[in-house]
Amino acid sequence: MQTLAEGLRLPTNGLDYAILAIYFVVVLGIGFMARASVKTSLDFFLSGRSLPAWVTGLAFVAANLGATEILGMAATGAQYGVAVVHWYWIGAIPAMVFLGLVMMPFYYRSKVRSVPEFLLQRFDRSAHLLSSVLFAFAAILIAGVNLYALSIVVEALLGWPQWVAIVVAGLFVLVYITIGGLSSAIYNEVLQFFVILAALIPLTVLGLKRVGGWDAMSDSLTKQHGGDFMTAWGGTGIGDANPLGANWLTIILGLGFVLSFGYWTTNFAEVQRALSAKNLSAAKRTPLIAAFPKIFIVFAVMIPGLVAAVIVPKIGTSDSDLTYNDAIPLLMQELLPNGVLGIAVTGLLAAFMAGMAANVSSFNTVFTTDIWQRYVVKDKPDTYYLRFGRLITAIGVLASIGTAFIAASFSNIMSYLQTLFSFFNVPMFVVFIIGMFWKRASMKSGVWGLVAGTAAAMVNYFWIYKGGIIDIPSDQGANFVSAIVGFVAGAVVMVVVTLFTAPKPEAELAGLVYGTESPSPDEELEEADKAWYRKPALLGWGAIVLAAACYIPYSF
């Protein structure tokens, strides 16, 4: 990610800083209040599995409202146009519904503390250890993206040196997670969800007013970039050129299936929120509740990007000193009065902190329970792992600072994050999906599927795409192809390895493979609650239908 333009300094005053200070005080206050509930390692890592569905649902969507969502998606809107809706209506909602209705029963019934731990039960120790290491590494890289993006935004907008922004934000995240554990992170994410919306909604409304409304903006961008810029599916025929540099097949398979399902169903930074719910019914409803605001958040990030492309027609090109990542800061400078500006700055910082906190809290759980407790220091009292969890949280924040600057080479942070997802989430997803639905998949096929999927995605991106062997029009298009390649390679290797190695004993597969699960006592008790608005199937299909309906005005 390139440094934001120096001319974007915001005219902040005492009122704006007062709003920011109040927010930080509230964040720390939530951390100290959550501390009283942390008595065991389960309390620290999974909130004692005690939170209601509406809290975990809002935290689920807020955990994704980090650098990817705010700067990254606005940048994608400015660069690719209305095609950004694909990341929401096909690249999120179906996968979130699948997680809630199909995969959460497996996760929750098995009582696992993390996503990699499920692979230990379904496959073997080698698959578990490799997935734990890959996830821990990816979590630190992604947390670093949020921290680095925050630092350069604060430097450009408020004039703080980058190191000050990094230390201040990292310290606050460290303090409230170390003190209150996952409960602190989740309750702060609920607060951050509303603060972020309070920042984005004024930008969206005032931005549209500035450019004369949707029709005027659409006419202007169509003249600049062609008709396909303002449609979702226009120009996506195989062999056709379009702003996104991807055709309908790579969008549906690469983004809509492989990348989307790989992220939303196996990324522990998200699944951890659902695992902290008070019962299986609440765990299933967590991603389904989150799906509804997710459908509409796209407008709050896409429209500012489109508005920025109208205000600065050359944004992101060599003819302008503004990058695509400057879209949100540009509108903050141009449109917001003091007071509202303070809320917007607070919302931006909240977004970065939410994204970083989600990844750090998932990292400390996986590293402590899946690596340290399982393979390094075993059979210690629970208080030891609680103390170690707090220690590794501090180490995770420091490591995030170190990895933050890796993102500097990407002008669009969304491209960087999608690249990471194709490397780490996609291979894990193919192992999960085959393991859950194919009883015969052998114990050794899991680890080799992970190795093959990760290696194939990296070879496709770094050698075939970057080496120019195959011409792919954009980084995003290359990410879609890498995801498909990684998925296919992982699946093929799993099938081949399964043919030559022993399957897991069928008696050990109960509740781990589709069709072998049986209702738990908790589920039978939950059936007594027949309220229509709590039925997961109704929520899931409602989200799918609503997302599909949203596509209609932007399809062609």
Side-chain angles (χ1 to χ4, degrees), residues 60 63-64 66-69 72 86-88 90-96 98-99 102-104 107 114-119 127-128 130-146 250 253-275 287 355 358-359 362-363 365-366 370 403 407 413-436 446-447 449-461 475-476 478-491 494:
F60 189 96
N64 185 245
T68 308
E69 201 86 351
H86 294 311
W87 273 268
Y88 292 77
I90 194 174
I93 303 304
M96 294 167 76
F98 184 81
L99 171 65
V102 178
M103 294 186 72
M104 278 316 303
Y107 283 139
S114 70
V115 167
E117 191 175 352
F118 184 87
L119 292 184
H128 172 248
L130 178 59
S131 64
S132 300
V133 171
L134 287 176
F135 176 80
F137 183 63
I140 291 301
L141 287 175
I142 297 170
V145 174
N146 285 279
T250 56
L253 292 182
L255 174 63
F257 176 58
V258 181
L259 275 171
S260 170
F261 279 67
Y263 175 80
W264 291 104
T265 65
T266 66
N267 181 19
F268 187 49
E270 299 293 338
V271 176
Q272 186 180 30
R273 274 76 196 140
L275 287 178
N359 283 281
S362 59
F363 164 78
T365 303
V366 168
D370 291 286
T403 62
I413 54 178
M414 184 62 189
S415 296
Y416 173 59
L417 287 165
Q418 292 289 315
T419 302
L420 294 180
F421 296 153
S422 70
F423 293 168
F424 300 112
N425 291 97
V426 168
M428 196 175 296
F429 171 62
V430 69
V431 172
F432 264 85
I433 205 70
I434 290 179
M436 280 186 174
V447 66
L450 285 171
V451 170
T454 302
M458 288 183 172
V459 166
N460 180 78
Y461 187 84
D475 283 345
Q476 291 289 12
N479 290 332
F480 297 165
V481 174
S482 294
I484 295 172
V485 169
F487 183 89
V488 172
M494 285 188 72

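Note that these values count all heavy atoms, side chains included, but never hydrogens, waters or copies made by symmetry. In this chain, numbering begins with 1 at the start of the sequence shown. Note that the structure is a prediction, hence the values are computed from the model and not measured.
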Response to the item:
Taking every heavy atom of Thr250 against every heavy atom of Ile484, the minimum-distance pair comes out as CA-CD1, 4.2 Å
Discussion item. Run the side-chain contact (heavy atoms from CB on, under 4.5 Å) test against Ala269 and tell me which residues pass, sequence neighbours left out.
Written reply: Asn267, Ala358, Asn359, Ser362
Fill in: Met428 to Thr266 - nearest heavy-atom pair and separation
SD-O, 4.0 Å
Fill in: CG on Leu275 to CE on Met104, rounded to 0.5 Å
4.5 Å
Worksheet item: Can you list the residues that meet the side-chain contact (heavy atoms from CB on, under 4.5 Å) rule with Phe98, with sequence neighbours excluded?
Response: Val102, Met103, Phe261, Thr265, Ile433, Phe437
Worksheet item: Can you name the side chain to side chain donor-acceptor pair (under 3.5 Å) partners of Thr365, sequence neighbours left out?
Response: Gln272
Discussion item. Would you say the ring centers of Trp264 and Phe429 fall short of 6.0 Å from each other?
Written reply: no
Discussion item. Would you say that Val426 contacts Leu259 through its side chain, given a criterion of any heavy-atom pair below 4.5 Å between the two side chains?
Written reply: yes
Worksheet item: Mind checking whether Ile93 and Tyr88 have side chains closer than 4.5 Å, heavy atoms only?
Response: no
Response to the item:
Value for CD (Glu117) from OH (Tyr107), rounded to nearest 0.5 Å, stands at 12.0 Å
Discussion item. So which atom in Ser131 and which in Pro116 form the shortest heavy-atom distance, rounded to 0.1 Å?
Written reply: OG-CB, 3.5 Å
Item to complete: Could you list the residues that satisfy side chain to side chain donor-acceptor pair (under 3.5 Å) with Asn460, not counting sequence neighbours?
Response: Ser482
Fill in: Exercise: identify the closest heavy-atom pair between Ala136 and Phe363
O-CD1, 3.6 Å
Discussion item. Applying salt bridge (Lys or Arg N to Asp or Glu O under 4.0 Å) as the test, list every pair that has at least one member in residues 255-273; sequence neighbours left out.
Written reply: Glu189-Arg273
Worksheet item: If you take all heavy atoms of Pro427 and Gly453, which pair is closest and at what distance?
Response: CG-C, 3.5 Å
Worksheet item: Going by heavy atoms in the side chains, are Phe432 and Leu119 under 4.5 Å from each other?
Response: yes
Worksheet item: Would a 4.5 Å heavy-atom cut-off, applied to side chains only, mark Ser260 and Ile90 as touching?
Response: no
Worksheet item: For the residue pair Phe268 and Phe135, does the interplanar ring angle fall in the parallel (under 30°), tilted (30 to 60°) or perpendicular (over 60°) class?
Response: perpendicular
Worksheet item: side chain to side chain donor-acceptor pair (under 3.5 Å) with Ser114: which residues, sequence neighbours excluded?
Response: Asp370
Worksheet entry | Leu99 side chain reached by Phe60 side chain, heavy atoms, under 4.5 Å | yes
Response to the item:
Between Ser132 and Val366, the two heavy atoms sitting closest are O-CG1, 3.7 Å
Worksheet item: Leu253 versus Phe487: any side-chain heavy-atom pair under 4.5 Å?
Response: no
